[in-house]
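The structure presented is a predicted model; accordingly, all values stated were derived computationally and were not measured.
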Amino acid sequence: MDHFPGTWGRPRNDVYGAYDPSYLQSTGPKTHTTSPAVTGTSVIGVKFNGGVVLATDNLASYGSLARFTDTKRLRIFGNKAVVGFGGDVSDMQYIDRLLESIDIRENYSSHGNMLNAKNLHTYLAKVFYKRRSEFNPLWNHVLVAGFDGEGKPFLSSADLLGTTFSAPHLATGFGAHLAVPILRRLFPEEKPIEEISREEAVDALKQCLKVLFYRDARSLDKYSIAVITQEGIDLKEDEQLEGQSWAFAERIKGYGAQTV
Amino acid sequence: MFRNNYDNDAVTFSPQGRIFQVEYAQEAVKQGSVVVGLVNKTHAVLVGLKRNAEELSSYQKKIIEIDSHMAIAIAGLASDARVLSNFMKQQSLGSKMTYGRPIPLERIVTQIGDRAQTNTQHYGKRPYGVGLLVAGVDEAGPHLFEFQPSGLIHEMVACAIGARSQMARTYLERNLDKFADCSRDQLINHGLRALKETLSQDKELTVDNTSVGVIGLAPEGSKGRIESFKLYEGQETVPLLEALERSEASGTVEDESMEVDS
């Protein structure tokens, strides 16, 4: 957007006289918070019978530079919820501090009233919406996984505008384009989540991460994966994509040092 | 002539370590008409004796709903209670808005406790002249809390505050072991019996002066998790008062739902 009204269309100088430029701003509004700096790419999640799986790769990019390759983008809240962060990494760290302080406050309660994943998601969506309304958004798209008030698996997304969305499987960023079609093929709408096993869900996410690594230039083959069940959270943060096959790449022309 | 120099404000200790203004505020609670609260494993009940300023006036409200999962019963200055109940309503609504969760009882009771305590530590402020019984349900089940003007809060199994409340407390202490496993109707019955103990010779419980509030966990298999707050006043108290009469006649606390009316 052009923030300088002086360059906008104005009445003719020869008829109406020149505009007094002292009324014009010489500086624009602050815009440094309206674009992200160090970013994480997709987060993907699937509900299965008795829980939810969430996965991200471990990359934080600085523009197109693969800057940090050991970033933990899955954050545990309490003992039964996980938040997966896409988007700005410093905003992720800020939100993580918010969640930390809430968790400390909640643990003072002697009665075991703990916020579940659904409460957490409602809260995060409100935080995002407040910040976007102040024109100072937190540049993230998150997936919240865990259980709702009735103990049923919960998976929902919230983005930098405060928009919320829920589905049996979800993906943010590039994953919304590349992973969701795969997940829809594996787990069609008519298939209830009770028929999806934990192994199926984990394998599906690994397959999606692999496709994302093939085609998303801001992704990495090192990833984190969290399985949330009523028994607890199984978080692995230093996994390596296995069984890659780059054979298809041979047929792709138009990049690098090839002579077409 | 003797004059107490240590009760001009709420921030000065007496040499004996007392804060007189706080103690006077607690006297205001004792002037208020009595309210009784009790809990069992599934429900929390509040009963109160309403007073009217004069024969032709309406009765002062004793039980205020804060939210569908929580209510308070008041003894003392009703206008101070309104300040506190408005605050509690706001906090409760705020919790539903930001987290989508009914506020845990202990949390909100601690908040009003902190507010009341602040009033005893700042020059120019005065303590609240009201005591509250806060009853409600949260994730951990039904609760009853007592709140005092000093800012002191306690979780209670049963409690009574207000004028002549000692009589009610005596009843509650005698029957304490019966509460935990009794039914919803029996719990109301115990509450009314405790309330009746406090009445002076020439008074009795009527549809006009009795107020009953019930809140609890919904029975197994019903739609919601909680049975929302229900206030019984006026004609709605008739069956409760009849049950009270019957139980006194038979000398036992009956289960109203077992009665088969013609």
Any side-chain heavy-atom pair from Met114(A) and Arg101(B) closer than 4.5 angstrom?
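They are not in side-chain contact.
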Once you round to the nearest 0.5 Å, how far does CD of Glu139(B) lie from CG of Leu115(A)?
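The distance works out to 8.0 Å.
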In Å and rounded to the nearest 0.5 Å, what is the CD1 to OH distance from Ile102(A) to Tyr99(B)?
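With rounding to 0.5 Å, CD1 (Ile102(A)) is 4.0 Å from OH (Tyr99(B)).
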Does [X], at its [atom1] atom, have more than 12 non-hydrogen atoms belonging to other residues, nucleotides or ligands within less than 6.0 Å?
{"X": "His177(A)", "atom1": "NE2", "answer": "no"}
{"X": "Lys130(A)", "atom1": "NZ", "answer": "no"}
{"X": "Arg82(B)", "atom1": "CZ", "answer": "no"}
{"X": "Lys125(B)", "atom1": "NZ", "answer": "no"}
{"X": "Lys72(A)", "atom1": "NZ", "answer": "yes"}
{"X": "Tyr129(A)", "atom1": "OH", "answer": "no"}

Return the minimal non-hydrogen interatomic distance between Met97(B) and Lys126(A), and the atom names on each side.
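Closest approach of Met97(B) to Lys126(A): O-CE, 3.1 Å.
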Just to verify, what does Gln166(B) make a side-chain contact (heavy atoms from CB on, under 4.5 Å) with, not counting sequence neighbours?
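Per chain and number, Gln166(B) pairs via side-chain contact (heavy atoms from CB on, under 4.5 Å) with Arg169(B), Thr170(B).
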Heavy-atom contacts under 4.5 Å, residues 142-158 of chain A to chain B:
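No residue falls under the 4.5 Å cut-off.
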